[in-house]
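Here the structure comes first, spelled out in structure tokens, and everything after it is commentary.
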Amino acid sequence: MLNALITSGEKTAILTLPSDSFTLQYELAQIGIRKRLTEIPINDDEEQDIQIKLFADSDIGNNLAVLFNPTHTLEDANLCAHMVENAQPELQEEIEQNILIGQYTSPQALMEDIRSMSDGLIAVTVNYYCPLQIHMTDEEYGDWVEVDNGYALTNEDAVRELLQQEQARDLNNMAHYFDGSESARAKLISAVWDVEEADGELFGVIRTGLREAFSPVEEREWIDELIGQAADGFGEGLEQREIHTDDGDLYVSFWNDGDDYFMENESDFRQRMTDSPHFGNIQME
């Protein structure tokens with residue numbers, strides 16, 4: 001889609017965009033650049049320590065390249081190229097035509113249009129819920145200590161902000177990782193991780209956008225995928241990200257190995273809450 005000619009002193013490298021961030025960081029390190037992608041502006045001014053020139057071997061790529069200026073970073077260019085290259089198949093032609101006719105004045109405008117167009121494909125949204133496990137650092141011993149869910153509820157906005165940051169950092173919407181049946185994959189548009197209060201506790205929720213509803217078998221595939229992501233994928237990375245609070249650093253996990261763990265759709269979750277002996281006023285969006 002795009003190529004980035006990187007010059008640092010007398011060393012150069014050509015990076016292919018989009019690529020995963022680990023690959024890009026490794027290739028940058030080979031020419032002595034240790035900065036993160038977010039710290040490297042798209043600037044080919046010879047006075048800069050690091051110079052970047054974007055180019056492509058297609059009209060679409062070259063029209064995309066001219067949207068970037070020194071206010072944008074290498075991460076911006078990589079994310080934008082990824083979103084264009086991996087847009088839903090039925091949107092590809094329109095997006096490419098829009099790029100060719102110069103409809104977009106910035107990469108942000110292009111990416112927002114792709115998000116909006118993708119949301120337009122969603123006919124059904126199903127929420128899947130799971131309990132949260134909350135840890136805090138023990139300042140005296142430096143260890144993680146499991147704490148009451150109330151700490152998460154008190155810091156709900158901060159937890160949500162972390163989730164948004166982590167998902168923005170990952171090139172792929174989690175739906176792209178789904179390795180289920182062809183029929184289930186064809187229905188899946190998006191998966192957004194969030195949190196939601198219910199019965200005085202904060203729960204994890206994955207808001208799943210679909211072209212049409214899953215069959216029971218397809219839904220089971222998707223729930224298994226969500227559990228796997230909560231345990232070993234997105235969730236594993238998330239639980240290592242601290243949230244600074246007045247009481248110490250807070251860590252949130254969408255998974256635990258207890259017998260009471262669950263991942264279920266909203267209908268089953270509401271029934272669970274109704275059956276709970278602690279059931280009270282459920283506040284759900």
Within a 6.0 Å radius of atom CZ on Phe55, are there more than 12 heavy atoms belonging to other residues, nucleotides or ligands? yes
Could you give the distance from OG (Ser253) to CD (Gln240), rounded to the nearest 0.5 Å? 10.0 Å
Mark yes or no for whether Asp76, through its side chain, and Thr73, through its backbone, hold a donor-acceptor pair below 3.5 Å. yes
May I ask you to decide if the ring planes of Phe178 and Trp222 are parallel, tilted or perpendicular, using 30° and 60° as cut-offs? perpendicular
Would you indicate whether Gln30, at its atom CD, is surrounded by more than 12 heavy atoms from other residues, nucleotides or ligands within a distance under 6.0 Å? yes
Strictly distance-based, threshold 3.5 Å: is any side-chain N or O of Asp113 a donor or acceptor partner for the main-chain N or O of Ala109? no
How close do Glu46 and Gln51 get, counting heavy atoms only, and between which atoms? O-NE2, 3.4 Å
Might you work through the salt bridge (Lys or Arg N to Asp or Glu O under 4.0 Å) test for Glu221 and Arg185, ending with a clear yes or no? CA-CA 10 Å; Glu221 292 178 36; Arg185 293 199 311 272; over 6 Å; no
Measure from the side-chain N and O atoms of Asn149 to the backbone N and O of Ile134, and report whether any donor-acceptor pair falls under 3.5 Å. no
Minimal non-hydrogen separation, Ile95 against Ala87, with atom names: CD1-CB, 3.5 Å
Measure from the ring center of Tyr177 to the ring center of Phe234 and say whether it is less than 6.0 Å. no
Check this for me: does any side-chain nitrogen of one of Asp268 and Arg272 sit under 4.0 Å from a carboxylate oxygen of the other? no
